[in-house]
Structure formats: C-alpha cells, structure tokens
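Since the structure comes first, as structure tokens, the remarks are kept for the end.
FYI, the numbering just counts along the sequence from 1.
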Amino acid sequence: MRVPDALLRHRVTIEPYLGDSAYGPQYGPPVPHVRALVAAATKQVRRATDGREVVSTAQVITAPGLDCPPGSRVTLPNGRVTSALSTAEHTAPGLPVPACTEVMCE
C-alpha cells in the first residue's frame with residue numbers, strides 16, 4: 001500500500017546528487033512537481049557522509065521509490081533550496097500502514 005496521493009498536497013523539485021567533480025557537486029536533471037507532504041519541524045540528525053551532527057529544518061514525505069540520495073538539491077514549495085541529509089524508505093509489510101519515502105532536509 002502506498003501513501004495516498006490526496007495526502008501529498010505540496011510539490012517539490014528534486015535534483016539527485018551524482019557526486020563531486022573538479023568543479024563542485026554534480027546533480028542529475030531536475031525532477032519537478034514531485035508530490036509531497038512537507039513539514040517544517042526542527043530535528044537533529046547525523047550527516048552520514050562526514051559524521052557531523054546537523055539540524056534538519058524540513059521533512060519531506062513522498063511516494064516510495066524516490067531517487068533522492070543524500071546531498072541532493074531539494075526545492076521546497078516556498079522556493080527555498082536546500083539539500084537532503086538522509087533518505088529513508090518506510091514500509092510495514094502485513095500492516096495497514098502506507099509505504100513512503102522520507103527525506104530529511106537541511
């Protein structure tokens with residue numbers, strides 16, 4: 001079971017992080033109008049790439065299968081451009097809980 005589209009009231013743009021080059025971070029082509037539910041809550045999370053602790057100021061819930069690795073550029077509904085700190089796929093096989101992807105944004 002997927003999270004119902006009716007609950008994903010916001011739209012975000014995702015530019016998947018591809019890696020670093022001599023000219024800085026490289027991103028894939030932007031994927032606009034991704035249906036999402038965005039919450040502006042402050043949570044402390046650990047950055048996986050270098051281990052330092054950072055604060056997440058926005059959480060994005062989307063349908064499962066989103067390609068948004070840590071470091072991806074995320075444009076929120078208010079126009080703020082941020083980066084993904086972590087991405088998690090949530091599933092609960094056998095339970096009546098919808099599957100979704102959660103992206104913690106800086």
Side-chain angles (χ1 to χ4, degrees):
M1 176 175 27
R2 297 169 39 110
V3 63
D5 285 345
L7 297 178
L8 304 175
R9 307 297 290 183
H10 300 114
R11 302 292 183 270
V12 297
T13 299
I14 305 290
E15 296 173 69
Y17 176 71
L18 300 177
D20 287 326
S21 73
Y23 303 104
Q26 299 294 305
Y27 301 97
V31 180
H33 310 295
V34 175
R35 297 179 74 101
L37 178 65
V38 178
T42 301
K43 295 182 178 181
Q44 190 168 13
V45 296
R46 180 178 301 267
R47 181 183 293 257
T49 56
D50 61 4
R52 74 186 162 100
E53 293 194 6
V54 294
V55 175
S56 170
T57 58
Q59 295 78 48
V60 177
I61 302 292
T62 68
L66 178 70
D67 180 23
C68 184
S72 296
R73 201 161 27 202
V74 180
T75 303
L76 300 174
N78 63 5
R80 184 168 72 98
V81 178
T82 184
S83 62
L85 297 170
S86 65
T87 303
E89 293 281 337
H90 297 288
T91 61
L95 297 176
V97 179
C100 65
T101 300
E102 178 185 46
V103 180
M104 304 292 274
C105 297
E106 197 165 359

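Summarising the geometry of Val55 relative to Leu85, their closest heavy-atom pair is O-CD1, 4.1 Å, with the distance given to 0.1 Å. Scanning both residues, Leu76 and Val12, for their nearest heavy atoms gives CA-CG1, 4.2 Å. In terms of heavy-atom proximity, Cys68 sits nearest to Ala84 at SG-CB, 3.9 Å. Of all heavy-atom pairs between Met104 and Gln59, the closest is SD-CG, 3.4 Å. For the pair Pro64 and Thr101, the tightest heavy-atom approach, listed with the atom from each and the gap, is CA-OG1, 3.3 Å. Counting all heavy atoms, side chain and backbone alike, Ser72 lies closest to Tyr17 at OG-N, 2.9 Å.
From Ile61, atom CD1 reaches atom NE2 of His90 across 6.0 Å, with rounding to the nearest 0.5 Å. In this structure, NE2 on His10 lies 13.5 Å from OG1 on Thr62, to the nearest 0.5 angstrom.
Formation of a donor-acceptor pair under 3.5 Å by the Ser56 side chain with backbone atoms of Cys105 is found in this model. A donor-acceptor pair under 3.5 Å links the side-chain atoms of Arg35 to the main chain of Asp5, judged by distance alone. Of the possible donor and acceptor atoms, one in the side chain of Ser21 sits under 3.5 Å from a partner among the backbone N and O of Tyr23.
Val74 and Val31 end up in the same hydrophobic cluster when Ile, Leu, Val, Met, Phe, Trp and Tyr side chains are linked at under 4.5 Å. Linking Ile, Leu, Val, Met, Phe, Trp and Tyr residues whenever their side-chain heavy atoms come within less than 4.5 Å leaves Val60 and Leu37 in two separate clusters. In the hydrophobic clustering of this structure, Val38 groups with Val34; members are Ile, Leu, Val, Met, Phe, Trp, Tyr whose side-chain heavy atoms approach within less than 4.5 Å, directly or through other members.
Between Leu8 and Val3 the shortest side-chain heavy-atom distance falls below 4.5 Å. Counting only heavy atoms from C-beta outward, the side chains of Thr57 and Arg80 approach each other to under 4.5 Å.
No more than 12 heavy atoms of other residues, nucleotides or ligands sit less than 6.0 Å from atom CZ of Arg9.
Of the N and O atoms on the side chains of Arg11 and Thr75, not one donor lies less than 3.5 Å from an acceptor on the other residue. Defined by atom type and a distance below 3.5 Å, a donor-acceptor pair is missing between the side-chain atoms of Glu106 and Thr82.
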